[in-house]
S.K.: 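One structure coming up, written as structure tokens, with questions to follow.
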Amino acid sequence: MNRLEQLEHPDKSLVDELTRAAREAVRDELREQTRKQRRKAALYAGAGAVGFYAGAALALAFGLVLALGLPDWAAALITAVVLGVVAYLLRGAARPSVAPPPMSPPTAPERPVTPPTVDATHPGVDPEVPHRWGQ
């Protein structure tokens with residue numbers, strides 16, 4: 001086996017070792033990234049749950065304050081209407097606004113381009129002879 005064939009076919013065990021090392025390095029990096037993302041997602045979920053319960057407690061407090069001067073059913077109804085309006089406004093704020101496509105100004109129809117004509121009545125111009133610039 002000559003030197004050129006040795007360069008074309010490197011040692012298979014070396015290639016396998018390098019492939020395995022690269023695969024393990026990528027796998028470890030992906031594990032670390034996913035672990036961090038899972039933790040962040042869990043914290044966001046916890047914040048959302050606590051925020052939900054805080055909103056429910058606020059709605060309950062609002063209803064109880066209204067119930068001091070109104071019948072209980074009226075205070076609950078007013079609280080539900082206020083929460084419905086807030087939900088509608090939040091939905092409107094979250095929905096992307098659909099703007100109409102921009103209007104382009106009207107353009108005149110294109111006229112066909114006609115080739116220039118040679119005025120045969122012009123003295124010294126023969127339409128049958130090709131013109132050379134500079135003469």
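Below, each value reflects all heavy atoms present in this structure, side chains not excepted, and no hydrogens, waters or symmetry copies.
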S.K.: What is the distance from atom CD of Glu17 to atom CG of Leu14, rounded to the nearest 0.5 Å?
M.R.: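 So the CD of Glu17 and the CG of Leu14 are separated by 8.0 Å.
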
S.K.: Hey, what do you get for CG (Asp72) to CG (Leu77), rounding to the nearest 0.5 Å?
M.R.: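 It is 12.5 Å, given to the nearest 0.5 Å.
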
S.K.: What's the verdict on side chain to side chain contact (heavy atoms under 4.5 Å, CB included) for Leu64 and Leu68, showing C-alpha distance, side-chain angles and the deciding distance?
M.R.: CA-CA 7 Å; Leu64 289 175; Leu68 293 175; over 6 Å; no

S.K.: Do Phe62 and Leu70 belong together in a cluster built from hydrophobic side chains that touch within less than 4.5 Å?
M.R.: yes

S.K.: Rounded to the nearest 0.5 Å, what separates atom CG in Leu83 from atom CD1 in Ile78?
M.R.: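 Separation between the atoms: 12.0 Å.
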
S.K.: Quick check: closest heavy atoms across Ala75 and Gly63, and the distance to 0.1 Å?
M.R.: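 So the two residues come closest at CB-O, 3.4 Å.
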
S.K.: So, Glu24 and Arg27, do they make that salt bridge, N to O below 4.0 Å?
M.R.: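 Judged by the 4.0 Å cut-off on N to carboxylate O distance, Glu24 and Arg27 do not form a salt bridge.
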
S.K.: Quick one: CD on Glu29 to CD on Glu32, what's the gap to the nearest 0.5 Å?
M.R.: 7.5 Å

